[in-house]
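Below is one structure, written out as structure tokens; the observations come after it.
Throughout, protein chains are lettered first and strands after them, A, B, ... in sequence-line order, and every chain is numbered starting at 1.
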Amino acid sequence: MSSTLPDPSPEQAEALLRSERFRKLASELRCLVCQNQTLADSSAELAGDLRQEVLRQMASGKDDAAIKTHLVERFGEFVLYRPTLNAHNLGLWAGPAVLAAFGGLAMWRFTRRRHLHKPQLNFEQVEALLEQDDHPPGGSKSSRAVVSRSEPSSGRNPG
Amino acid sequence: MRAWRFIVPAAVFAVIAIFLLLRLQSGRDAKEIPSPLIGKPAPAFSLPLLHQAEQVWSPGALKGQVWLLNVWASWCVPCLAEHPLITQIAREGKVTVVGLNYKDEVGNARAWLAKHGDPYRVVISDRAGRAGLDYGVYGVPETFLIDAQGVIRYKHVGPLTPEVLRDRLGPLMKSLAP
């Protein structure tokens with residue numbers, strides 16, 4: 001078992017503690033008793049033990065991936081602040097993309113349908129229609145005169 | 001077709017509501033982390049016994065037996081709460097009960113056992129908590145059920161309760177017992 005690794009010497013531990021690599025690793029691992037803190041942030045005793053374990057693993061020459069795997073095998077994916085993609089959490093990872101796809105599809109369909117309902121006329125066509133309304137096919141001057149006569153006369157005073 | 005505009009959002013809401021309700025009703029503690037160790041061989045260790053420090057003990061000694069590894073400490077208050085239940089399981093004798101004294105002073109641990117009773121077949125002293133690290137211990141007390149092949153079959157975090165014993169641990173122990 002790898003937890004039987006020897007403790008690094010005080011000098012080695014000091015150097016490792018100051019290393020950028022340790023800082024990065026400790027900030028990507030979760031303290032399990034204070035779940036919203038990283039190993040780097042937490043002052044809990046377990047976090048101290050886990051930091052010590054990380055130091056031992058680093059001193060023994062393990063790379064970051066191996067150290068993370070070591071901890072995941074014991075404490076579960078939960079120790080990782082950035083969980084890996086696997087069969088269990090595939091739904092969670094795919095969720096946003098699936099939702100966006102559904103939303104996009106719904107939006108596309110919705111806007112397209114609205115487009116179809118809207119009459120697509122350009123300025124000339126509208127002019128022509130208005131023109132047609134003014135001179136209905138088969139209509140005559142007299143019919144237009146009737147229409148204009150039926151309009152409320154501007155001369156009439158409602159008061 | 002128009003009805004879909006109401007049915008779809010209502011259905012989506014219903015599905016979400018059902019999931020949330022199920023979670024809420026399950027009574028599961030979100031702080032409880034499912035152990036990746038279940039179905040894996042119990043990690044080996046060599047540690048001194050609490051009562052005979054010159055003697056070293058390893059889990060291999062119990063190969064062929066179903067046993068319970070109870071992680072406890074004298075500084076751990078909930079350990080006291082579950083102690084009568086652990087004692088009861090040990091007395092029934094269906095499984096061997098082993099204590100792992102986790103990050104504790106030997107003197108305190110012995111005094112605690114003298115006061116509250118020592119139900120354990122053996123008590124192992126893990127002063128540095130290194131075995132605890134290998135077993136993924138993050139909250140004492142924790143209890144592991146290990147089968148005759150040395151595979152961890154169940155893990156309970158926190159004090160054992162009569163409900164857990166009745167619904168989960170008990171049936172598992174019964175199914176594993178020879």
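Side-chain contact between A:L50 and B:Y138: absent, with no pair of heavy atoms (C-beta onward) separated by less than 4.5 Å. Using a 4.5 Å cut-off on side-chain heavy atoms (C-beta onward), B:K40 and A:R74 make no contact. Inter-residue side-chain proximity for B:D134 and A:E73 is flagged as unmet; no heavy-atom pair is nearer than 4.5 Å.
Proximity to chain A at a heavy-atom threshold of 4.5 Å picks out B:Y102, B:K103 from residues 83-118 of chain B, in numerical order. Contact annotation for residues 47-75 of chain B against chain A (heavy-atom separation below 4.5 Å): no residues qualify.
In the hydrophobic clustering of ILVMFWY residues, with side-chain heavy atoms under 4.5 Å counting as a link, B:L20 and B:V12 come out together. Grouping the Ile, Leu, Val, Met, Phe, Trp and Tyr side chains by contacts below 4.5 angstrom, directly or via other members, places B:Y120 apart from B:V140. B:V157 and B:L160 sit in two unconnected hydrophobic clusters of ILVMFWY residues. Membership requires side-chain heavy atoms under 4.5 Å apart, directly or through other members. Hydrophobic clustering (side-chain heavy atoms under 4.5 Å, transitive across Ile, Leu, Val, Met, Phe, Trp, Tyr) keeps B:F144 apart from B:Y154. Clustering ILVMFWY residues whenever any of their side-chain heavy atoms sit less than 4.5 angstrom apart, transitively, puts B:Y135 in a cluster other than the one holding B:L145.
Listed by first and then second residue, the ring pair (Phe, Tyr, Trp, His ring centres under 6.0 Å) pairs that reach into residues 10-40 of chain A come to none, sequence neighbours excluded.
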For residues 162-178 of chain B, which side-chain N or O atoms pair as donor and acceptor with protein atoms under 3.5 Å away, sequence neighbours left out?
residue	atom	partner	partner atom	Å
B:S175	OG	B:L172	O	2.9

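Taking each heavy atom of A:G76 and B:P36 in turn, the nearest pair found is N-CG, 3.2 Å.
Heavy-atom neighbours of A:F102 CZ from other residues, nucleotides or ligands within 6.0 Å: at or below the threshold of 12. Around the CZ atom of A:R23, the shell of radius 6.0 Å holds no more than 12 heavy atoms that belong to other residues, nucleotides or ligands.
Note that CG of B:L133 and CG of A:L71 are 8.0 Å apart. Values are rounded to the nearest 0.5 Å. Interatomic distance, A:R56 CZ to B:R130 CZ, rounded to the nearest 0.5 Å: 3.0 Å.
For chain B, no part of A:V79 is nearby; none of its heavy atoms comes within less than 4.5 Å. Of the two parts of B:V137, only the backbone, made up of N, CA, C and O, holds a non-hydrogen atom closer than 4.5 Å to a non-hydrogen atom of chain A.
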